[in-house]
There are 2 protein chains.
Amino acid sequence: MTATLVTPAASERIATHLREAILSGEIGPGERIRQEEVAERLGTSRLPVREALRMLEAEGLTEHTANKGARVPALDRHELDVLYQMRERLEPLALTESIPHLTSGQVRELEGLADLIAADTDLSEFLVLDRAFHLGSYAGCGTEHLLATVTRMWNSTQPYRRMFMTLGGPDRRWIVDHEHRLILDAIKRQDSVDAERFLSGHIRRTRIELDQHPELFGGPHRAGRARISGTTTTRRQA
Amino acid sequence: MTATLVTPAASERIATHLREAILSGEIGPGERIRQEEVAERLGTSRLPVREALRMLEAEGLTEHTANKGARVPALDRHELDVLYQMRERLEPLALTESIPHLTSGQVRELEGLADLIAADTDLSEFLVLDRAFHLGSYAGCGTEHLLATVTRMWNSTQPYRRMFMTLGGPDRRWIVDHEHRLILDAIKRQDSVDAERFLSGHIRRTRIELDQHPELFGGPHRAGRARISGTTTTRRQA
DNA sequence: CTTCCACCTGTTGGATCCAATCTCAAGGTC
DNA sequence: GACCTTGAGATTGGATCCAACAGGTGGAAG
């Protein structure tokens, strides 16, 4: 029982690094991720990078083609729409499973997040907080499969949520805040029927809004190469 | 342009082999899969086995713990129940997405499968045909994510479906056949509303029946070691 | 000028060896 | 006798080297 917890195994460190790079938008949809580049930047061999990419694939953050390597999945308009329909059907179930097991401390945390979302002005921070609010509301859900599936769907949609936010249309986050309050209130009342209704409405509204912006899919489909944030290691050899 | 298609890359061959071993029940829930054993039996090094196990993890067929290796996930009663609730909500969506794009040939295939299921007497074969019928009905669904998610849920529940079938209660497959006909008929009429209703009812009935057999979860949770069927190949060089 | 083919380079896939970790049983101590 | 400790064996994680495949480039023929 020594350092297992402080030395998280290289492949997991790499997975964590890449996960953040993808979720933060540093690596965008369609961009390729080359093993050697990541390995060099993080100071390991390519092998743990391969493992990390497979882990991320299981999380829906990368996709893999034989002999061609990994890239961040790019969705077309219809696929994103269906992904939102999946969320519309599954996340209410996760919420219903979660509500009875949420501690009062967790509910207070959710309220804090809702307040931050209402107050916040930074669009990038909004994405983080909104994700934390929703996934946090599923924290009581004890079943691995459901949580993993919901998380995968959030992972897959994240790049497009980001692109949508940066479109710079009218700021309608007050609607988001209103819907969050409804959901939160239902959670407090332990009313899972209401909670499901408000949540699916929340997701459906977002889906419809996204669907009105086909320009999200024209742009960055072309295969660029990913720049990994230079963490460690200053380097570049030869 | 040589043999890319006939030489499917070792890791994929291994993944295919293990996938079949798990789905066929040869490796049961909770059983451990050791890299070296698989590597030896299939005549490769451990590396492609590691890759294969990661692929299977993405498909919901194995789970991985650092420094402890892979095993076939074992579900408890509640988790299996929730998995069926997920199927109840998601598979109707897959069917609705699929119906408009099914060719008449595909519909005929479904009808053939339904006939086989009604005629068949071998319980093990039933599992294969039933899976083929349902996943086949989603074949027109063009979206990768939805199909992959549905397949993952089928993969995860498969071992328990098998255990349930071998319990040897009264044979109620005539109910299954009846429900399949209702679904098939709705598909032919392109009536996705009816199709969704019949399908979710079909899954719900199964879920409730499964829930009445808690003895499914006492048994094989203990960690045995998997026996890999020595398959292929006469070969293996050196 | 266009098209097709061979070659070459960049990148991923696999094998072998070594290091780190876990499991578990034997032995010692209180 | 019960419990903790300490090893040895078994098993997974990582590094390095080599092989195989994909894509692009240049040249030659039409």
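Given the structure is predicted, the values throughout are model-derived calculations rather than measurements. In the text below, chain A, chain B and the rest are named by the order of the sequence lines, each starting its count at 1.
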Please report, rounded to the nearest Å, how far the [atom2] atom of [N] is from the [atom1] atom of [X].
X	N	atom1	atom2	result
Asn67(B)	dA10(D)	CG	C1'	13 Å
Arg46(B)	dA19(C)	CZ	P	15 Å
Ile33(B)	dA10(D)	CD1	P	21 Å
Arg32(A)	dA22(D)	CZ	P	12 Å
Leu53(A)	dT11(C)	CG	P	15 Å
Gln35(B)	dA15(C)	CD	C1'	14 Å

Quiz item: Is a side-chain donor or acceptor of Ser45(A) paired with a backbone partner of Leu47(A) at a separation under 3.5 angstrom?
Solution: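 Checked: pair present.
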Quiz item: Sub-3.5 Å donor-acceptor pair from the side chain of Arg54(B) to the main-chain atoms of Met55(A), do we have one?
Solution: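 No, because the side chain of Arg54(B) does not come within donor-acceptor range (under 3.5 Å) of the backbone of Met55(A).
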Exercise. Have a look at Ser192(B) and tell me which of Thr96(B), Ile187(B), Leu93(B), Leu199(B) forms a side chain to side chain contact (heavy atoms under 4.5 Å, CB included) with it.
Key: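 Result: among Thr96(B), Ile187(B), Leu93(B), Leu199(B), Thr96(B) is the only option passing the side chain to side chain contact (heavy atoms under 4.5 Å, CB included) with Ser192(B).
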Quiz item: Can you find a donor-acceptor N/O pair under 3.5 angstrom joining the side chain of Arg50(B) to the base of dG14(D)?
Solution: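 Answer yes: a donor N or O sits under 3.5 Å from an acceptor.
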Quiz item: Is Arg87(B) close enough and on-axis enough to Tyr84(B), meaning under 6.0 Å and within 45°, for cation-pi?
Solution: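 Here Arg87(B) passes the 6.0 Å and 45° test against Tyr84(B).
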Check this one for me: any side-chain N or O of [X] less than 4.0 Å away from OP1 or OP2 of [N]?
X	N	answer
His64(A)	dT11(C)	no
Lys68(A)	dG23(D)	yes
Ser11(A)	dG14(D)	yes

